[in-house]
Amino acid sequence: MTWRAAVLTLFPEMLPGSLGQSLAGKALAAGLWSLQVEDIRAAGLGRHRSVDDAPFGGGAGMVMRPDVVDAAIATVADERPLVFLTPRGRPFRQADARRWSTGPGLVLLCGRYEGIDQRVIEARGAEEVSIGDYVLSGGELPALVVLDACVRLLPGVMGAADSAVEESFADGLLEYPHYTRPAEWQGRAVPDVLLSGNHAAIAAWRRARAEETTRARRPDLFAQGIASSAAAP
Ligand code: JAH
């Protein structure tokens, strides 16, 4: 069974975008997953196919109409989770990619303008998800991010390295730093332990670097991971 993605957008030409390249693109061509792109404007109203209107309560910009967005959702809705990409959403995490990649696929709803009328989000039970704390011009780039994170976890997409596709988050830590040849470059040597052939020492060094970096850069991740797996009182 192929994993099925649908994307609802006012800018259908933004898809598959970068997902048409590299491993995700090859997997798409090979039928390991499918992508249906639906232009929300096809559900627009009147001769001008209007999709938006002024916000009730006043304020800048325009809001996407609930009736139009609902009709667009109706063209694809099935048992798949419906995900609305918005900076108001809960943070998107690797655990979401894992869960969604083992399901039937996703329907991704992309907003533009100031956003989408909240009533259709509620009526359709859409999950509101954010890929980070910044404002973009619309949900299309976040949709590509979510799809990339999911598709690379599908069986067969990453090939021989299938078991290692999650190295960075499998243990809830940031990854250790990587090195390759030459062993010395511009006066900078690769850490000696990595050339030692001592696999236990290498594993211990990598673990220490992963913990050190996670503690420094992502104290939130560190607290969830190590703190809860380390020997407690
Ligand atoms: C901006 C509709 N979490 C990143 C993110 C997601 C969506 C949007 N911006 C940032 C967005 C304008 C209109 C969605």
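Small disclaimer: the values here were computed from a predicted structure and weren't measured. When a ligand or atom number is given, it counts from 1 through the structure's own listing order. Any value given below was found using the heavy atoms of this structure, including those in side chains, with hydrogens, waters and symmetry copies removed.
- The protein non-hydrogen atom at the shortest distance from atom 2 (C) of ligand 1 is Gly111 O, 3.4 Å.
- With respect to the salt-bridge test (charged N to carboxylate O, under 4.0 angstrom), the residues Glu122 and Arg119 do not qualify.
- The existence of a salt bridge linking Asp39 and Arg41 is excluded, since no basic side-chain nitrogen approaches an acidic carboxylate oxygen closer than 4.0 Å.
- Between Asp96 and Arg90 there is a salt bridge, since at least one side-chain N of the basic residue sits less than 4.0 Å from a carboxylate O of the acidic one.
- Closest heavy-atom approach to atom 8 (C) of ligand 1 within the set Pro142, Gly61, Pro87: this belongs to Pro87.
- Within the 4.0 Å heavy-atom criterion, the part of Leu85 lying near ligand 1 is the backbone and not the side chain.
- Each of the following atoms of ligand 1 lies closer than 4.0 Å to a heavy atom of Tyr113: 12 (C), 13 (C).
- From Phe222, atom CZ reaches atom CG of Leu174 across 11.0 Å, with rounding to the nearest 0.5 Å.
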Would you sort out whether Arg65 and Leu45 count as a side-chain contact (heavy atoms from CB on, under 4.5 Å), showing the intermediate values? CA-CA 10 Å; Arg65 292 176 55 114; Leu45 305 174; 3.3 Å; yes
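- For ligand 1, the atoms closer than 4.0 angstrom to any heavy atom of Ser130 are 3 (N).
- To the nearest 0.5 Å, atoms CG (Leu85) and CG (Leu136) are separated by 9.5 Å.
- Atoms of ligand 1 found under 4.0 Å from any heavy atom of Gly139, numbered from 1 in the order shown, are 14 (C).
- Here Arg215 does not pair with Glu211 in a salt bridge; the nearest charged N to carboxylate O distance is not below 4.0 Å.
- Ligand 1 places these atoms under 4.0 Å from at least one heavy atom of Gly132: 3 (N), 4 (C).
- In Asp133, neither the side chain nor the backbone holds a heavy atom less than 4.0 Å from any atom of ligand 1.
- Cluster annotation: Ile202 is not connected to Leu173 through the hydrophobic network of ILVMFWY side chains, with a link wherever side-chain heavy atoms come within less than 4.5 Å.
- For ligand 1, the polar-atom distance check finds an N/O of Leu136 within less than 3.5 Å of one of the ligand's N/O atoms.
- Within the 4.0 Å heavy-atom criterion, the part of Ser137 lying near ligand 1 is the backbone and not the side chain.
- By the 4.0 Å heavy-atom criterion, Phe92 is excluded from the residues contacting ligand 1.
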